[in-house]
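Single-structure report; data block below.
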Amino acid sequence: MANTHNMQDLHHQAAVASKVYVQRDYNSGTICRFQTKFPSELESRVDRQQFEETMQTLNNLYAEAEKIGGKSYLEGCLACMTAYTIFLCMETHYEKVLKKIARFIKEQNEKIYAPLGLLLTDPIERGLRVVEITIFEDRSIGSGR
Amino acid sequence: MPTSGGERIKASAFIPVSTAAVLLVGSTTLFFVFTCPWLAVTVSIYVPPCSGILFFFVLANFTMATFMDAGVLPMANEDEDKDDDFRAPLYKNVDVKGVQVRMKWCASCHFYRPPRCSHCSVCDHCVEDFDHHCPWVNNCIGRRNYRYFFLFLLSLTLHMVGVLSGGLLYILHHLEDLWKLHCTVTLVVVSVSGLFFIPVLGLTGFHLYLVSRGRTTNEQVTGKFQGGVNPFTQGCCGNLEYLICSPISPKYTARPIKKSTVRIIPPFLRPETDRQIPIIKVEDNGIQCHDIQNKRPSTDGMEEPDIRRLNTPPPLPPKPDPNVLKSHLATLEGRVAVAPEQQGGSSRGHDLSSELILGRLDQQLAFPSGPISAPLQLNSLTLNSRSLTLKHAYRHHNKLPVLYPEGLISHQVSPGLFPPHNPLSNRNSLSYDSLVNSSDAHYLAQRGGPPLHYHPHFMTLGHEGSVLQRPPPHTYSPMFMGVTRQSPQDLSQQALIHREASPVRYDNLSKTIMASIQERRELEERDRVLRMQARSQALYGCPDMGLYDIPSRRSLPADSMRLPGSRGPTPPAYGSREFLMSTGILGYGGTRSPLSSASSSSLTRAPRTSSSPLQSSSSLQSKGRSPSPAYLPPDRQAPPSSSSSTLPSTLSSASPPDIPP
């Protein structure tokens, strides 16, 4: 998942050890929400608090995207009145928040998870079904996980 | 599929949508040209503009319903199902607002279908909040485009009302020169509109009903929430609000994937490890309880080897001690509620193994070390059941007894290692027995027949508690009569199961056990079925309905030969995905049965009345694939849902051969 464009880096690029999948939490229905429970595979790799915070923020962002309110209603009305041609030029509210989420994940990866040897994948790439966390092999320790 | 066949099918898929488009545009154009000028003069000048705007709206919604992605879920990556394939159960339960909902493994897309998601066999993909596949727009109707479809229906109804009334008015005023061009054309337009008005109105009414109840067409025709509570409804107003005002969800497929520029270069930081955190094996990120941190200070040393054991499947161990097996058998005979009436030679291995496990567990549950060891064993069983592929279990079933005791023995040495998954661990013994029973019911249900009629009954049992008041209807197909014979005691135990936390855990826990017990049950059932079949021959006429995608039903005649169990190939593991892939998948893509479009329900669409299968099968044969498959089964709905079934009945009888303008 982490692409390097530099030949030198290839030597240093970590190998993928395994992947953890955080599933959706359907307790509140079909709204987009991921489970915040800390997976055991990450026990030794990341701080539980940090991880849960990341997941909670992610959930909040998705809740914002799916919020039914005045804004979404206006968007629907406008779309209807223009025979939906508005979608050709304008981005929907959900898409805007998705971009925000993508930025958030990138930032989290760069600042927190990459130094720990982890990589979060944007759930939209998996159809909003799972959050894929790639665990990289820590060669310096030598004994794998 | 051969290319010519594929092309043929592809071309024929465009016929209904083209016809619909041509009729719609053609009729309306004729109306505007020949009738509207007179209406503008006679009735009001605003008639043509209003009509025009309405028609514009109809076209826009029609276009969106046709071309918009319904919410197609992309296939899962290989990595995602690497662990799960062939080893995990066919169904996973999740709790949605207190109601148990079943997620089925999609063999084509390689993931567990989210609630309300279904696989469309026509388009061969899973669709989120799947409503139905509409041939008139040649598209799936799902989460993203349901509102456009609904608005299309509403606006079309209004438009047709306008055209009909305008046309009739014109004709009534021009009766004297009926054969003039204008009048003739208007007459034709009125006839066409009138012909399609009733089915369209019926369909609109049906969808209004669905929206008010918060159901999808798929759920309505499969009777998913017939007797139970629908967890997805937000009330009539809430549903309408959601329909109209909710933000449009994003497209999942064909997204521009941004390459990650994050570099991962070791060495990595590690979090502080001063806390004694016991390792919890999270099989599938089910609801786990984490209040174990203060319980396991002494077992840290044991953690590492067990983590490794958990994470890698254990190797096949040597044969068990026969004395151990015997003692377990003896222990189990009294505990296991499933009566092993029919034990074929080949199934004996399974029975033995499941009994072994149960015996082992029972023994350990009775240990003075108490609830701590019990979950351990349950957990180790999880490990074993996960590591032992069902493929192995059922193809090399004689190895099964070999594996389990060893695995269990090896875990026994580290009691209390794993924290209890279940905070109510003192109920493990009871829950384990009920687990056995409930798993039977689960897998029985999976085989088809009444499940989705049956499931809501016991799915919601835990919450309504009215366990004993829900005997399944007697109009179930005879094959699955066996399901109805569960004692109230069993049902109440199942209710307990469903009240407890993390039902997903139980599925993973004992899927192999369940599968072996399932086999025993199947043998018993087959026996019963044979008896029933003899009786039902008179009722049904042709036992092979053809409309069923239930593999077991199709294979029933063959199964009867394998009843003794000792001969013939290994019975398929009904509970496994492997079975689904080998036989069930035929129901998805291979046979192209119309019913298979709502594939998750295909396993459950058993008729409730004796007359309906014949009627439906004949209707299917005559209509082929062209009608919207979702509308066919409604006429098979049981009488109890009289109000809901009358509308669909009208639809199913009227809509398929008719083409809306």
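Residue numbers start from 1 in every chain, and the chains themselves are labelled A, B, ... in the order their sequence lines are given, proteins ahead of strands. Small disclaimer: the values here were computed from a predicted structure and weren't measured.
- Put simply, CG on Leu151(B) and OH on Tyr84(A) are 5.0 Å apart, with the number rounded to the nearest 0.5 Å.
- Within the 4.5 angstrom heavy-atom criterion, only side-chain atoms of Leu73(B), from C-beta onward, approach chain A.
- Interatomic distance, Ile244(B) CD1 to Ser72(A) OG, rounded to the nearest 0.5 Å: 11.5 Å.
- Using a 4.5 Å cut-off between heavy atoms, Tyr242(B) contacts chain A through both its backbone and its side chain.
- Under the salt bridge (Lys or Arg N to Asp or Glu O under 4.0 Å) criterion, Glu95(A) pairs with Arg255(B), sequence neighbours left out.
- Interface residue Leu118(A): only backbone heavy atoms are found under 4.5 Å from chain B.
- If you tally non-hydrogen atom pairs under 4.5 Å between each of Phe111(B), Tyr148(B), Phe56(B), Phe57(B) and chain A, the highest count goes to Phe111(B).
- Among residues two or more places apart in sequence or in another chain, the salt bridge (Lys or Arg N to Asp or Glu O under 4.0 Å) test is passed with Arg147(B) by none.
- Minimum interatomic distance between Pro247(B) and Tyr94(A) (heavy atoms only, all atoms of both residues): CB-CD1, 4.4 Å.
- No more than 12 heavy-atom neighbours from other residues, nucleotides or ligands sit within 6.0 angstrom of NZ on Lys99(A).
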(message) Let's go through Lys19(A) and Glu78(B) carefully: what are the C-alpha distance in whole Å and the side-chain angles of both, what is the deciding distance for salt bridge (charged side-chain N to carboxylate O under 4.0 Å, His left out) to 0.1 Å, and is it a yes or a no?
(response) CA-CA 11 Å; Lys19(A) 293 189 181 184; Glu78(B) 281 170 7; over 6 Å; no
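- Ranked by heavy-atom pairs under 4.5 Å with chain A, the list Ala60(B), Cys245(B), Ala76(B) is led by Cys245(B).
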(message) The test is side chain to side chain contact (heavy atoms under 4.5 Å, CB included); show your working for Asn27(A) and Val96(B) and say whether it passes.
(response) CA-CA 4 Å; Asn27(A) 263 317; Val96(B) 179; over 6 Å; no
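- In Lys100(A), the NZ atom is not crowded: 12 or fewer heavy atoms of neighbouring residues, nucleotides or ligands sit closer than 6.0 Å.
- Contact annotation for Asp129(B): only side-chain heavy atoms (C-beta onward) come within less than 4.5 Å of a heavy atom of chain A.
- Tyr252(B) contributes atom OH, which lies 5.5 Å from atom CD1 of Ile124(A) (distance to the nearest 0.5 angstrom).
- In this structure, the portion of Ala65(A) lying under 4.5 Å from any heavy atom of chain B is its backbone and not its side chain.
- No other option in His93(A), Arg129(A), Glu66(A), Glu110(A) has as many heavy-atom pairs under 4.5 Å with chain B as Arg129(A).
- In this structure, chain B has a heavy atom under 4.5 Å from the side chain of Phe87(A), while its backbone stays farther away.
- Atom OG of Ser249(B) is separated from atom CD1 of Ile31(A) by 14.0 Å, given to the nearest 0.5 angstrom.
- Both the backbone and the side chain of Leu116(A) come within contact range of chain B, each with at least one heavy atom under 4.5 Å from a heavy atom of that chain.
- In terms of non-hydrogen atom pairs under 4.5 Å with chain B, the most contact-rich of Thr30(A), Asp25(A), Thr92(A) is Thr30(A).
- To the nearest 0.5 Å, atoms OG (Ser246(B)) and OH (Tyr73(A)) are separated by 13.0 Å.
- Pro74(B) and Arg126(A) get closest at one heavy-atom pair: CG-C, 4.3 Å.
- Neither the backbone nor the side chain of Lys71(A) comes within contact range of chain B; no heavy atoms are under 4.5 Å apart.
- Residue Ile53(B): no heavy atom, backbone or side chain, is found under 4.5 Å from chain A.
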